[in-house]
Each structure stands twice: as C-alpha cells, then as structure tokens.
Number of protein chains: 2
Amino acid sequence: MAATIHDVAKHAGVSIGTVSRAINNYKDISPETKERVFKSIKELGYTPNVIARGLSSKTTSNIGVIVSGLLDSNRFDNLWYMLLQGIYRYTSENDLEVAIYPTNSKEQTRKSYTKFCKERNIAGAIISGITITDVYFKELVNAEIPCVVIDVPMVGKKVGCVSVDNIKASAEITDYLISNNHTKLCVIAGKKTAAVTLDRMKGINQSVMSNGLQIDDEDILYCDFSQEIAYKNVREYIEKHDKSRATAFVCMSDIMAMGAIDAIKDCGYSVPGDFSVTGFDDIPVSQLISPALTTIRQDLIQIGYESAALLKKIIDDPSEAKHVYAQYQLMIRSSVRSL
Amino acid sequence: MAATIHDVAKHAGVSIGTVSRAINNYKDISPETKERVFKSIKELGYTPNVIARGLSSKTTSNIGVIVSGLLDSNRFDNLWYMLLQGIYRYTSENDLEVAIYPTNSKEQTRKSYTKFCKERNIAGAIISGITITDVYFKELVNAEIPCVVIDVPMVGKKVGCVSVDNIKASAEITDYLISNNHTKLCVIAGKKTAAVTLDRMKGINQSVMSNGLQIDDEDILYCDFSQEIAYKNVREYIEKHDKSRATAFVCMSDIMAMGAIDAIKDCGYSVPGDFSVTGFDDIPVSQLISPALTTIRQDLIQIGYESAALLKKIIDDPSEAKHVYAQYQLMIRSSVRSL
DNA sequence: TAAATTTGCAAAAACGTTTTCGTAAAAACG
DNA sequence: CGTTTTTACGAAAACGTTTTTGCAAATTTA
C-alpha cells in the first residue's frame, strides 16, 4: 500500500539506487536529480522502511537497552523509567531505534544479551542493573558489541560506563553526617557483589578514616537494596544494641533508607530525634516522606541521556570508550540532626 | 559471523525453506527432518534474525506504543512507565516486539503515527495520552491499523479501548464524599477536551443528582491535569469564597489534588480539617503525602497488560475490537473527614 | 494396476532497502 | 585532438528471512 523506493524511482524516472543515494546524502548524484527525487518523495508521501534498511545496511542505528526491574512491580523503586526517559530523549534527537530487553531477576531462562542483540542487528547496548560477574554481560563484551554500563565502573574494548562518582558522593554525605557530630555510624549496604556497593563503601570509609574514625564489620548491614530486608536488619540491630552502637544510618539507597526509617519508628524511636538517616538516589518520594530524606541526588534522566550519547560515540569510534561521570548533588533535608 | 538460516540448511542437508518450516511449525515437513534441523540449529547456536523476518513476513509481530509524556520530565506524574511495564509483561510472554514512539506535547513537528507504524511494519498500536480530536489518531484509524486507546472510550473498526469505568468510579468516590455529609462540592477537572474529563464529570453529576444536589458551573475548575494550575485555581477560589462555597474538592487526578492541598494549606486552612480532598489514579506518592489521599486506584500495570492483550486479539481478529474495563478500587485514606 | 491424491521437500520469488560494480558521458589534461 | 580522469547514474547483488510454486515419490483410491 505504502509507497516504496521503487515507486519513487519510477515516478522520478531514475533507478532505486539513485533514490537511495538522494535520501542518504551520498555524493554520486547531481543536485538536479536529487531535487527531482525529493519532489517525488514528497508527492508520494514516501518514507523509507526502517526494517528493510536495517536488513540491508551494515551499519544499523538500532541500540538495545537491557534493563532489569522493568517486569518486577515495585511501587516506589522504579529507577529504570528515568533512564529510559533520558535514553529516548537522546535517541529521538539522533534518529536511533531502540529495542528494550526487560530482564527478570526471577526468570531463569533469560535469553543471552548477545543473542538478543544479534537477532536484532543491534549496533550497541546500554545495560543497567547488572553485576560485574554477570555471565551474559561477559559474553556481550567478548562478542565485542559496543556497550555502556550504568553504575558499573568498568572500561574496556568498546565498553564504557556512566555513573556518578559514587566514592566521592558517599564520602561527601558521610562527611556531612560527621560534621553534624555523628561519630558512630551504621552502614546499610546494598548487594554485596554490586559495584556500587563497593564504591560507596569505599567512599564512606574514606570519609570515616580521614576523620579518624572507623566502621566495624558488625556495623555494615548488607540489605540487597531491598526495603524489606533493610527494615528487618535495622530492626534487629536496634533491638540488639538500642542506642548504644550507632547514632546514624548511612544507607546506600533511598529505598533502604525508607525501610530503616520504618524500622526505627516501629522500635519506638524517632528520626532524626533518636537516629539520623541518609539515603542515596533521591527518588521522587524521598522529599515527601516524613522526615524528608537527606540524600544524594542522581539525575537519572541525565544519566540515561549521557549513556546513549556515549554509546553512540563508541559505536562510531571504539576508542571513545571511557567512564563518564554524571553530576550529583547533596540534598540536605530533615532526616539528619546535629548532635 | 552469526549463523544464518543458510548455514543451518547446509549443515542439516536441507533447503532453507525446510529450515523455515521447521522453525515456524509448519505442516509440510516430516518429523525426522524436523528433528535433524533442530539438531543443526542447536549445534550452530542459530537464532532467526528478527529484522529479516519482519521484512519478509506479511504478518509481523511488531506492536507500536505511542505514549505522550515520556519526553517531558515531571517528577511525580509518570504514569506511562506503569503502562509500559504492563505492556512489556504481555509482550515478553507472547514474543511480540515493541517499538515506542514518544510524542512530545511541545514538539510541533511530530511525525504522523501512521508513518511511524508503516515505517516499522507495525501490526498494531497502543496509544495513550491523546484526545479524541487528535488528527494523527484519526489518520491511524482511517489507515485501518489495529489500535487500542487507553482512557478514550471509543470502539470502531479495528479500534478497541481499555480504561476503568470512569463514570462509575467517579460516582463512587463522590458518593463517598456525600455520605460523609459533604453537600457543597468543587470539582477540579482535567483538560476540557479529554474524554476522561467528560466521563468523570458525568459520574460526579450522576452521584450528585441522585442525591438531590447539584454543581454549578462556577464550581467546576478546569486545570488541565496540572498541579500548578490546580494550585492557582484553588487558591483563587478559596481567596474569593473562603469556606462559604464548598467543603470538599473532587479532583480528577492525584496530581491536581496535590496542587489543591498545597493551595488549601497556603491559604491557612487544613486538610481534612477545613476542606476535604479526593483524587483519582492513586499514584505511588498519594499514600505518602500528608494527609494520605483518598482516591481511586487504577492499576495501570494491569491496564497496560490488558491493552496489549486486546491489541493482539484485534490484530488476529478485527471483530474482537471492544471496550475492556479494568478494575479500580476506592482507597479510603485520610484526606476526607466526616462533617 | 492405473489413476488420483497426498506428502515432503527443493527452488525460487518476494520483502524494501543499501551498496558494489560497471560504464557511458562529460570534463580535465597533456 | 587524443587520452585520462571524473561525474552521474543504472544494473544487480546483497541482507536473512517467509512464502509460493512445482514436482517427484509415496500413498490412497477406484
């Protein structure tokens, strides 16, 4: 039904090759012919078929987005959509197609990322929510498919990365806590194997040590970035130590901070009256909960945008692979009090 | 690099047509040959190229999702991502490809939806965030591309629709207000031309009239589903009438309810002490704000899922086009008090 | 057993592009 | 003016599938 390149060619009295050259701004064509072709294109309301182009052309403009958590339903902890927002902002500005591959943590039979990409002639992929040890990710890197990982600090052949400077940001918020005279800290950490957990821990330790303090292993609670686990662990911690061991909880995500706050309240204590709490991420609800959460704001939309931009660069020139640091901001609200 | 259907054919000693028949479960093939083909497929690690299939096959498994608001950044009012979540849940269960077309309300030069679909050999589209009068939508319907619209009650040739029963839900929440002795209501309405606005207004009126009450035009404030506009209008309304005219604000979205609550507070009044407020949607933050908002919960993930399922049905059999009603639930929280 | 039907597959034609190759005509050169 | 180079284009070969067509061989029917 729709006009094809053949229709345009016939209408303009040229060959399809010439039409293609006109569309793609190639050299081998005279200005007059080009104009004639464009006139026909307009008259017939022709638009190139993206699928056919994808098949024929070696260099595709398809990028893949591999995102975990999309299929899970968590009412608050939906970070992926902001990334997507940023990614789409870039791709719609730059005429890139995107294919989303929602991975499910539960589903065992996930398809290999590489397979997903090859099936779709994908030029490169943005990956979020994975750990460094992910086997499918390794396979993707080995296949030399350009990719950008979010929040995993690694740079390699055709692989770049975008994240905030987790070390610096964590040090900064810890400094803030210490400057408010909190010397006994309890860390609510994420998944033990996640790169962000390692980095944020490093930042917290840097701050603590440069202030002549230290954190015992007993005061690091790994909670897998889960609100429920954080609730449970903090509750146990307080029931065990009461107010003797820590005055503040340094949480590696807002979600876990929310769990911590709930636990503190359910133990009969108040925030920030009895315990101070900090988060990380600044998810939308963090400014609405009570007390409003002091946290590190990551602009995930920006991070998404930067990822897409970096990926495009790497696709065009593999030597562009690098670590891009996104901005962050310490949001001082009311979940921390000065001692 | 990757194995193609030709490699498999050669390896299995058959023609590519036979391989295709094996993959697609066609009849004209003997069990033995089929098995041999599958063995080769496995050995070579072959997966059919989605792009090539899309080009060749008449019946594609690509669906389009046309969604407004994706490119805009509103920190709270992000309903699209839940729809997407539901849609992807269905499509990953049913092996459908999805292409997202983020439309921007501001961008004048939007591409026609039809063009978007035809470029991508799209079998059908899910559309959200449009008004009935949208010209591109009309074009899509005329092109007889199967589609499902969310929140626009219209059923036609190859076009179905998914929404909650806005009339019934609005009547229900208004009934609740009236049963709490609120007889003087002010309606915070959405965009005047939006179908949901009309329906919800109808529901409110039904409830009001069956209770022997009525609503004057002066007590209907159109706020375009915007928090800011709702704030402004409610503020003006209260400054003009004080507490004489209405005791409760019936808002057609939670976002506008948040604006209304802010306005009430800034006028020196309290919710629900001086004014009661209800919302619609039950966005995640609604249970966290203070007071927690009494509202209608729409399960947008479910709505997304249903939309995709309905679209698939319509694609397979155009006579399946109909209006599917999704569940809703009155969430009674603390923004309404009994008089 | 001859004729008709069915089965199982190969061959080849799409699908709508991009890209390579070849070659007249035009332009530049010596 | 003859020769080389460049320009501008057509023809045709990919790209990796699905789908149509055709045809032997096997099976059923009469």
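Quick note on labels: first sequence line is chain A, next is B, and so on, each numbered from 1. Note that these values count all heavy atoms, side chains included, but never hydrogens, waters or copies made by symmetry.
- For DNA chain D, the outermost nucleotides in 5' to 3' order that have an atom under 4.0 Å from a heavy atom of chain B are D/dG16 to D/dT20.
- Residue B/Ser20 is in base contact, counting any heavy-atom pair closer than 4.0 Å across all strands shown.
- Near DNA chain C, meaning a heavy atom under 4.0 Å away, the residues from residues 31-48 of chain A are A/Tyr46, A/Thr47, A/Pro48.
- A rotation axis mapping the C1' atoms of four pairs onto the next four is fitted at both ends of the helix from C/dT1-D/dA30 to C/dG30-D/dC1 over five pairs, and the angle between these axes is 40° to 10 degrees.
- Sequence order on DNA chain C of the closest nucleotides to B/Ser57 and A/Ile16 puts B/Ser57 first from the 5' end.
- Separating the CG atom of A/Asp28 from the P atom of C/dT18 is a distance of 15 Å, rounded to the nearest angstrom.
- With DNA chain D read from its 5' end, the first of the two nearest nucleotides for B/Ala52 and B/Thr18 is the one closest to B/Ala52.
- Considering all non-hydrogen atoms of both residues, A/Ala12 and A/Arg36 come closest at O-NH1, 2.5 Å.
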Task: salt bridge (charged side-chain N to carboxylate O under 4.0 Å, His left out) between A/Lys313 and A/Asp317, intermediate numbers included - done: CA-CA 6 Å; A/Lys313 270 193 189 169; A/Asp317 173 9; over 6 Å; no

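- Counting non-hydrogen atoms under 4.0 angstrom, A/Val50 reaches nothing in the nucleic acid.
- At distances below 3.5 Å, at least one donor-acceptor pair connects side-chain atoms of B/Tyr101 with backbone N or O atoms of B/Lys111.
- Judged by distance alone, the side chain of A/Ser20 and the main-chain N or O of A/Ile16 form no donor-acceptor pair under 3.5 Å.
- Across the protein-nucleic acid pair, B/Ile5 atom CD1 and C/dA12 atom P stand 17 Å apart, rounded to whole Å.
- Within the model, atoms OH of A/Tyr113 and CG of A/Leu140 stand 9.0 Å from one another, a figure rounded to the nearest 0.5 Å.
- From A/Ile100, atom CD1 reaches atom CG of A/Leu70 across 6.5 Å, with rounding to the nearest 0.5 Å.
- Of the two residues near DNA chain C, B/Asn121 and B/Gly13, the one whose nearest nucleotide lies more 5' is B/Gly13.
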